[in-house]
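Presented below is the structure to which this report refers.
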Amino acid sequence: QVQLAESGGGSVQAGGSLRLSCAASPYTATSYCMAWFRQTAGKQREGVASLGSDGSTKYADSVDGRFIISRDNTKKILYLQMENLKPGDTAMYYCAYNRGYNRGACNSLLATGFRDWGRGTQVTVSS
């Protein structure tokens with residue numbers, strides 16, 4: 001099982017930026033899908049962005065053009081660069097990993113498609 005640890009959350013004003021990190025250990029497969037999800041109280045976990053082992057990415061419409069998902073393969077760290085943050089981006093952000101890669105499944109941004117999860121990092125955006 002892969003252990004995931006998120007960091008980088010915090011409180012910012014609208015229009016600000018944050019970069020989230022997700023460290024994976026002890027290893028990740030060469031074929032994988034990794035993603036960021038977010039969740040607020042009383043709502044279902046929402047897919048934000050995914051990254052496949054072939055380098056393909058998918059973004060939720062609500063963040064497309066503002067967020068960028070990337071990965072440092074040497075350090076095995078997944079990133080989410082968040083720009084022009086809005087109060088609606090306030091949520092607990094989770095990193096997710098699934099061994100093996102299927103482009104359709106990875107692009108679907110469905111939480112049920114991921115086996116391993118981090119504990120989350122809180123992002124709060126004030127107006």
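With hydrophobic clusters built from ILVMFWY side chains whose heavy atoms lie under 4.5 angstrom apart, Leu109 does not share a cluster with Leu4. Note on Met82: it clusters hydrophobically with Val63, by side-chain heavy-atom contacts below 4.5 Å among ILVMFWY residues. Ile68 and Ile77 fall into different hydrophobic clusters, where Ile, Leu, Val, Met, Phe, Trp and Tyr side chains are chained together by heavy-atom contacts under 4.5 Å.
Listed here is the closest heavy atom pair of Ala14 and Ser127: CB-CA, 4.3 Å. Among all heavy-atom pairs drawn from Leu51 and Leu78, the shortest one is CD2-CD1, 3.9 Å. Contact between Tyr101 and Cys33 at its shortest, heavy atoms only, is CD1-CB, 4.3 Å. The nearest pair of heavy atoms linking Thr40 to Ala91 is CG2-CB, 3.6 Å.
With rounding to the nearest 0.5 Å, the separation of OG in Ser53 from CE in Met34 is 11.0 Å. Atom CE of Met92 is separated from atom OG1 of Thr121 by 7.5 Å, given to the nearest 0.5 angstrom. With values rounded to the nearest 0.5 angstrom, Arg119 atom CZ is found 14.0 Å from Cys95 atom SG. We find the NZ-CD1 distance between Lys58 and Ile69 to be 13.0 Å, quoted to the nearest 0.5 Å. Atom-to-atom distance recorded for Leu20:CG and Glu6:CD is 8.5 Å, nearest 0.5 angstrom. Taking CG from Asp54 and OH from Tyr32, the interatomic distance works out to 9.0 Å, rounded to the nearest 0.5 Å.
Pairs engaging residues 61-80 under the salt bridge (charged side-chain N to carboxylate O under 4.0 Å, His left out) rule: Arg66-Asp89 [sequence neighbours left out].
Between Trp36 and Phe67, the ring centre distance reaches or exceeds 6.0 Å.
For the residue pair Ser17 / Glu83, a side-chain donor-acceptor distance below 3.5 Å is found, with atom types taken as modelled.
A donor-acceptor pair under 3.5 Å links the side-chain atoms of Ser50 to the main chain of Cys106, judged by distance alone. Remark: side-chain polar atoms of Thr124 are not paired, donor with acceptor, to backbone N or O of Thr90 under 3.5 angstrom.
A search for side-chain hydrogen bond (donor to acceptor under 3.5 Å, both in side chains) contacts involving Glu46 returns Arg38, not counting sequence neighbours.
Each of Tyr97, Tyr93, Tyr94, Trp117 was evaluated against Phe37; a single residue qualifies, Trp117, per the ring-ring contact (aromatic ring centres under 6.0 Å, His included) test.
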